[in-house]
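Basis for what follows: all heavy atoms, side chains included, without hydrogens, waters or symmetry-related copies.
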Amino acid sequence: QVQLVESGGGSVQAGGSLRLSCAVSRYTYSSACMGWFRQAPGKEREGVAITYTGGSSTVNADSVEGRFTISQDNAKNTLWLQMNSLKPEDTAMYYCAAGPPSAGDTCSSHRSRYIYWGQGTQVTVSS
């Protein structure tokens, strides 16, 4: 079955950086919507950064714009999330997700559009 495995989470002080990785297997990676989501305790899971693997378009949440960068290596079926200038409010469990594109090869940032999920990796930012 499809597998998504995240790694790279950890604890860091505010202002620091982390790079998350997601290894994808058994999925048509070359034309899919791939995204990073996060969920803090007591909050809904929210889209952080989304990309369409068949092109170069990306979408970032306003809260991470200019600080987080999503990237991919199609040959390696790997997705990354570079997180810079981390803030305590970035503390959450981060998930990698995959799903089919919508009409026109567009990708939604809503979790309901994503079928496959990884197990998550914890990111903790201290002040």
Side-chain angles (χ1 to χ4, degrees):
Q1 68 273 19
V2 175
Q3 287 188 323
L4 286 75
V5 180
E6 303 99 333
S7 61
S11 297
V12 65
Q13 289 192 328
S17 299
L18 285 173
R19 190 189 196 205
L20 306 183
S21 299
C22 176
V24 184
S25 60
R26 304 185 188 93
Y27 189 64
T28 307
Y29 187 85
S30 60
S31 59
C33 294
M34 298 292 301
W36 288 97
F37 292 75
R38 67 185 181 187
Q39 187 168 17
K43 294 188 176 181
E44 291 190 354
R45 190 170 299 187
E46 63 172 351
V48 173
I50 306 296
T51 187
Y52 173 60
T53 61
S56 59
S57 63
T58 62
V59 177
N60 290 342
D62 290 344
S63 58
V64 305
E65 188 67 53
R67 300 187 299 121
F68 290 10
T69 303
I70 188 171
S71 60
Q72 63 198 52
D73 184 331
N74 286 1
K76 297 181 180 179
N77 282 12
T78 302
L79 186 74
W80 293 282
L81 184 67
Q82 178 66 44
M83 305 186 294
N84 299 327
S85 302
L86 282 161
K87 304 175 180 180
E89 51 264 42
D90 294 319
T91 295
M93 185 71 79
Y94 282 72
Y95 298 90
C96 173
S102 300
D105 291 335
T106 57
C107 294
S108 171
S109 60
H110 196 277
R111 63 185 183 277
S112 64
R113 292 291 302 168
Y114 293 80
I115 301 172
Y116 303 104
W117 294 83
Q119 81 288 352
T121 185
Q122 177 68 37
V123 172
T124 302
V125 185
S126 58
S127 57

(request) With rounding to the nearest 0.5 Å, note down the distance linking OG1 in Thr69 to CG in Asn60. (result) 7.0 Å
(request) Say whether Thr51 and Gln72, considering side chains only, have a donor N or O and an acceptor N or O under 3.5 Å apart. (result) yes
(message) Please evaluate residues Arg113 and Cys33 with respect to the criterion side chain to side chain contact (heavy atoms under 4.5 Å, CB included), reporting the C-alpha separation (whole Å), side-chain torsions for both, the decisive distance (0.1 Å), and the verdict.
(response) CA-CA 9 Å; Arg113 292 291 302 168; Cys33 294; over 6 Å; no
(message) Do Cys22 and Val5 have side chains that approach each other closer than 4.5 Å (heavy atoms only, starting at C-beta)?
(response) no
(request) Kindly give the heavy-atom pair with the smallest separation between Gln122 and Ala92, and that separation in Å. (result) NE2-O, 3.4 Å
(request) Could you state whether Met34 and Phe68 fall into the same hydrophobic cluster, counting links through intermediate Ile, Leu, Val, Met, Phe, Trp or Tyr residues with side-chain heavy atoms under 4.5 angstrom apart? (result) yes
(request) Quick one: closest heavy-atom pair of Ala61 and Gly47, and the distance? (result) CB-O, 3.5 Å
(message) Could you report the tightest heavy-atom contact between Arg67 and Ser85, atom names first, then the distance?
(response) NH1-O, 2.9 Å
(request) Taking Thr91 for its side chain and Val125 for its backbone only, find out whether a donor-acceptor pair lies under 3.5 Å. (result) yes
(message) To the nearest 0.5 Å, what is the distance between OG on Ser25 and CG on Leu4?
(response) 7.5 Å
(request) Compute whether any side-chain donor of one residue and acceptor of the other, for His110 and Ser108, lie under 3.5 angstrom apart. (result) no
(message) Hydrophobic clusters here meaning ILVMFWY residues chained together by side-chain heavy-atom distances under 4.5 Å, can you tell me if Met83 and Leu79 are in one?
(response) yes
(message) Between Ser17 and Asn84, is there a side-chain donor-acceptor contact under 3.5 Å, judged purely by atom types and distance?
(response) yes
(message) Distance check, rounded to the nearest 0.5 Å: Ile50 atom CD1 versus Cys107 atom SG?
(response) 7.5 Å
(message) Counting the benzene-type ring for Trp, do Phe37 and Trp117 have ring centres under 6.0 Å apart?
(response) yes
(message) Once rounded to the nearest 0.5 Å, what's the spacing between atom CG of Leu86 and atom OG of Ser11?
(response) 11.0 Å
(request) Would you check if the side chain of Gln82 reaches a backbone N or O of Arg19 as a donor-acceptor pair within less than 3.5 Å? (result) no
(request) Look only at the side chain of Asn74 and the backbone of Thr53, and say whether a donor-acceptor pair between them is shorter than 3.5 Å. (result) yes
(message) Using 0.5 Å steps for rounding, measure from the CD atom of Gln13 to the OG atom of Ser127.
(response) 9.0 Å
(message) Check Arg111 with Glu44, please: is the shortest side-chain N to carboxylate O separation under 4.0 Å?
(response) yes
(request) May I ask you to check if Arg45 and Tyr95 form a cation-pi contact, with NZ or CZ under 6.0 angstrom from the six-membered ring centre and within 45° of the axis? (result) yes
(request) Considering non-hydrogen atoms only, spot the tightest contact between Pro101 and Ala32 and give its length. (result) CD-CA, 4.2 Å
(request) Treat each ILVMFWY residue as a node, draw an edge where side-chain heavy atoms are under 4.5 Å apart, and state whether Tyr114 and Tyr52 are in one component. (result) no
(request) Check the hydrophobic clustering (I, L, V, M, F, W, Y; side-chain heavy atoms under 4.5 Å; chains of links allowed) and say if Val123 and Val64 are grouped together. (result) yes
(message) Could you tell me if Ser21 and Trp80 have a donor-acceptor pair between their side chains, going purely by distance under 3.5 Å?
(response) yes
(message) Do Gln1 and Arg26 pair up side chain to side chain, a donor and an acceptor below 3.5 Å, judged on atom types alone?
(response) no
(request) Compute the ring centroids of Tyr27 and Tyr116, then answer whether they are less than 6.0 Å apart. (result) yes
(request) Run through Gln3, Met93, Glu6 and flag the one making a side-chain contact (heavy atoms from CB on, under 4.5 Å) with Gln119. (result) Glu6
(message) With a 3.5 Å distance limit and no angle check, can you tell me whether Thr121 reaches the backbone of Gly9 through a side-chain donor-acceptor pair?
(response) yes
(message) Please say yes or no: joined through hydrophobic side-chain contacts below 4.5 Å, possibly via intermediate residues, are Val48 and Val24 part of one cluster?
(response) yes
(message) Using side chain to side chain contact (heavy atoms under 4.5 Å, CB included), reason through Val12 and Thr124 one step at a time and then give a plain yes or no.
(response) CA-CA 6 Å; Val12 65; Thr124 302; over 6 Å; no
